[in-house]
**Student:** 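The structure is given below, and queries will be raised subsequently.
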Protein chains: 2
Amino acid sequence: MAQKETVERILDAAEALFAERGFAETSLRTITSTAGVNLAAVNYHFGSKKALIQAVFERFLEPLVAEIDQRLSVLEQNPEKINVESLLRVLSSAIYEVHGRNTNRATAFMRLLGLAYTQSQAHVRNFIASRYGDAFQRYARLLKPALPGATDQELFWHTHFALGTAIFTMSNFDALRAMAMNDTGHRGSVDFIVSNLTSFMAAGLRNASHDDA
Amino acid sequence: MAQKETVERILDAAEALFAERGFAETSLRTITSTAGVNLAAVNYHFGSKKALIQAVFERFLEPLVAEIDQRLSVLEQNPEKINVESLLRVLSSAIYEVHGRNTNRATAFMRLLGLAYTQSQAHVRNFIASRYGDAFQRYARLLKPALPGATDQELFWHTHFALGTAIFTMSNFDALRAMAMNDTGHRGSVDFIVSNLTSFMAAGLRNASHDDA
DNA sequence: AACCACCATAAACAATCGTTTGAAACTTAC
DNA sequence: GTAAGTTTCAAACGATTGTTTATGGTGGTT
């Protein structure tokens with residue numbers, strides 16, 4: 001009868017609602033009712049709300065990290081092409097590949113990433129760190145020779161500056177576009193914004209180490 | 001008996017707890033108990049939890065915006081000194097002036113700013129926008145001639161990229177420093193991080209418009 | 001048919017939430 | 001010292017939270 005498995009219906013609803021309102025602000029009852037399933041289904045299939053949150057992240061990160069890993073392997077076969085821009089493009093194109101033109105899904109994912117940082121939810125951060133820490137370290141190893149002047153400390157901080165720029169922008173994507181429409185008269189196309197975001201990050205990464213105050 | 005007014009005790013506790021856990025995750029009972037006041041005091045003095053949240057922001061933003069305004073006025077008297085770096089320094093030094101060496105307070109403020117964006121809490125965003133929108137527009141007017149090549153659209157987005165970088169970094173300040181200690185062996189001094197953050201933002205703002213992919 | 005593992009359902013559970021109440025305690029002024 | 005006004009207090013309110021339970025139904029195996 002159920003066209004989609006109950007588990008997936010729950011994950012779909014939870015993903016959208018978490019991204020929209022946050023974890024604590026989303027009750028299991030609103031999740032199950034928008035998913036069209038029984039309230040008890042969450043605890044039956046996932047065990048707890050915390051486990052559901054982690055499952056949402058897992059479904060999201062698993063294919064994305066795999067896609068990034070594959071693209072990094074391709075890039076490593078042409079070492080002369082490794083630079084800041086190509087490394088950043090691995091990320092943006094991986095997201096684009098996994099979620100296609102579905103920007104709703106992509107911005108939902110970014111909002112969730114931002115929530116994982118901003119909301120205390122330590123179990124989420126620990127889950128992500130233990131699960132996908134290796135992928136992040138591999139990326140950092142490739143980025144290092146692309147920024148020859150930087151120390152390890154600078155590399156760490158500039159990477160997280162760039163990460164923060166992307167997460168903040170994407171997680172507030174709709175709100176920012178609405179504000180842009182108000183202030184400038186243009187919403188800005190997705191390509192325009194992503195392209196500007198990428199060059200902002202690249203410029204920051206490249207030049208921050210050389211601009212001593 | 002009470003050394004500090006009940007109102008201020010509540011605001012102190014709420015500020016710290018909100019920054020640490022978020023709005024929905026912080027109950028009035030934990031606020032009042034850590035403040036050492038009665039539960040009913042919040043509703044008596046503020047009216048509701050929403051009003052308390054806004055009061056926390058008001059106490060924080062009022063002196064900061066005043067300080068920024070004054071520094072902008074000083075800067076405007078020497079128009080030749082207006083550039084990206086000096087404008088960014090207005091912000092960082094204003095925060096530094098208002099909260100002194102109390103980095104706890106400063107990072108709490110940034111976390112709150114991030115929460116205002118990330119958590120849906122529309123009433124918070126509306127409150128801030130209606131209250132301090134003018135200050136932001138004044139800043140944008142000064143920033144525009146400092147980035148001569150940029151269009152209005154680019155100016156808007158690059159400004160919010162930079163804003164996102166700062167908010168994300170500062171709002172996760174402690175967590176990031178802990179990670180830095182893990183990865184690099186150094187926590188990084190506040191001055192080091194702020195200086196790197198500033199040059200990252202300046203480089204992004206300045207060069208993003210010229211790096212077309 | 002009988003059994004079985006699996007899943008959906010309605011109902012209830014205890015805990016916690018923001019808010020309200022009415023009386024006690026305090027401060028201030030005359 | 002008494003009255004009025006302000007603040008604090010313990011207790012309770014109804015609503016909502018995550019979770020559990022007990023009951024039924026379903027499809028497949030023997």
Side-chain angles (χ1 to χ4, degrees), chain A residues 1-59 112 115-116 119-124 126-127, chain B residues 1-59 112 115-116 119-124 126-127:
Chain A
M1 171 204 296
Q3 339 189 31
K4 256 189 182 179
E5 283 294 350
T6 304
V7 170
E8 284 192 29
R9 303 257 301 272
I10 293 175
L11 285 174
D12 288 341
E15 178 181 296
L17 289 169
F18 283 153
E20 187 183 328
R21 321 181 180 183
F23 303 118
E25 295 88 343
T26 304
S27 70
L28 293 184
R29 281 171 177 81
T30 66
I31 292 176
T32 52
S33 73
T34 71
V37 303
N38 189 273
L39 167 62
V42 169
N43 286 282
Y44 177 78
H45 286 287
F46 297 94
S48 69
K49 187 182 181 182
K50 283 189 178 183
L52 171 61
I53 295 175
Q54 296 185 358
V56 168
F57 274 97
E58 190 169 16
R59 188 178 66 151
L112 288 175
L115 287 179
Q119 317 228 159
S120 67
Q121 299 282 7
H123 70 101
V124 176
N126 294 339
F127 172 77
Chain B
M1 171 206 293
Q3 338 188 33
K4 256 189 182 180
E5 283 293 352
T6 303
V7 170
E8 283 191 29
R9 304 257 300 271
I10 293 175
L11 285 174
D12 287 342
E15 180 181 294
L17 289 169
F18 283 153
E20 188 183 328
R21 321 181 181 183
F23 302 119
E25 295 89 342
T26 305
S27 70
L28 294 185
R29 282 172 176 81
T30 66
I31 292 175
T32 52
S33 73
T34 70
V37 303
N38 189 272
L39 167 62
V42 168
N43 286 281
Y44 176 78
H45 286 287
F46 297 94
S48 69
K49 187 181 181 181
K50 282 189 179 183
L52 170 62
I53 294 175
Q54 295 184 358
V56 168
F57 275 97
E58 190 169 17
R59 188 178 67 152
L112 289 175
L115 288 179
Q119 317 229 159
S120 66
Q121 298 284 7
H123 70 101
V124 176
N126 295 337
F127 172 77

**Student:** Without swapping roles, check the side chain of B:Lys49 against the backbone of B:Ser27 for a donor-acceptor pair under 3.5 Å.
**Tutor:**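 The answer is no, because no donor-acceptor pair under 3.5 Å joins these two groups.
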**Student:** Specify the closest pair of heavy atoms between A:Ala14 and A:Val56, including all atoms of both residues, with the distance to one decimal.
**Tutor:**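 What the structure gives for the nearest pair is CB-CG2, 4.0 Å.
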**Student:** So does A:Ser48 get a side-chain nitrogen or oxygen closer than 4.0 Å to the phosphate oxygens (OP1/OP2) of D:dG18?
**Tutor:**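 Negative; the distance criterion is not met.
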**Student:** Can you find a pair of side-chain heavy atoms, one from B:Glu20 and one from B:Glu25, that are under 4.5 Å apart?
**Tutor:**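 The answer is no; the side chains never approach within 4.5 Å.
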**Student:** To the closest 0.5 Å, what do you measure between CG (B:Asn38) and OH (B:Tyr44)?
**Tutor:** 12.5 Å
**Student:** Can you check the A:Asn43 CG to C:dC13 P distance for me, whole Å?
**Tutor:** 17 Å
**Student:** For A:Ile10 and C:dA8, give me the distance from atom CD1 to atom C1', rounded to whole Å.
**Tutor:** 11 Å
**Student:** Rounded to whole angstrom units, what separation is found between the CG atom of A:Leu17 and the C1' atom of D:dT17?
**Tutor:**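 So the CG-C1' distance, A:Leu17 to D:dT17, works out to 16 Å.
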**Student:** Specify the separation, in whole Å, of atom CG of A:Leu28 and atom P of D:dT20.
**Tutor:** 11 Å
**Student:** Figure out the CD/P separation between A:Glu8 and C:dC7, and round it to whole Å.
**Tutor:** 14 Å
**Student:** Rounded to whole angstroms, how far apart are NE2 on A:His45 and P on C:dC6?
**Tutor:** 12 Å
**Student:** Given atom OH of A:Tyr44 and atom C1' of D:dT26, what is their separation to the nearest angstrom?
**Tutor:**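 Answer to the nearest Å: 12 Å.
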**Student:** Strictly distance-based, threshold 3.5 Å: is any side-chain N or O of B:Thr30 a donor or acceptor partner for the main-chain N or O of B:Thr26?
**Tutor:** no
**Student:** Contacts to DNA chain C from residues 30-42 of chain A, heavy-atom cutoff under 4.0 Å, which residues?
**Tutor:**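 Per residue number, the list reads A:Asn38, A:Ala40.
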**Student:** To the nearest Å, give me how far apart CG (B:Leu52) and P (C:dC17) are.
**Tutor:**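 Rounded to the whole Å, the gap is 15 Å.
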**Student:** Compare every heavy atom of B:Asn43 with every heavy atom of B:Ser48, then report the nearest pair and how far apart it is.
**Tutor:**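 Scanning both residues, the minimum pair turns out to be CA-OD1, 3.8 Å.
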**Student:** If the cut-off is 4.0 Å, is B:Thr6 near the phosphate of D:dT7, judged by side-chain N/O to OP1 or OP2?
**Tutor:**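 So the side chain of B:Thr6 is outside the cut-off, no N or O lying under 4.0 Å from OP1 or OP2 of D:dT7.
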**Student:** List the atom of A:Leu112, the atom of A:Phe23, and the distance in Å for their closest heavy-atom pair.
**Tutor:**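 So the minimum-distance heavy-atom pair works out to CD2-CE2, 4.2 Å.
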**Student:** May I ask you to verify if any side-chain N or O of B:Ser27 is less than 4.0 angstrom from the OP1 or OP2 atom of C:dT16?
**Tutor:** no
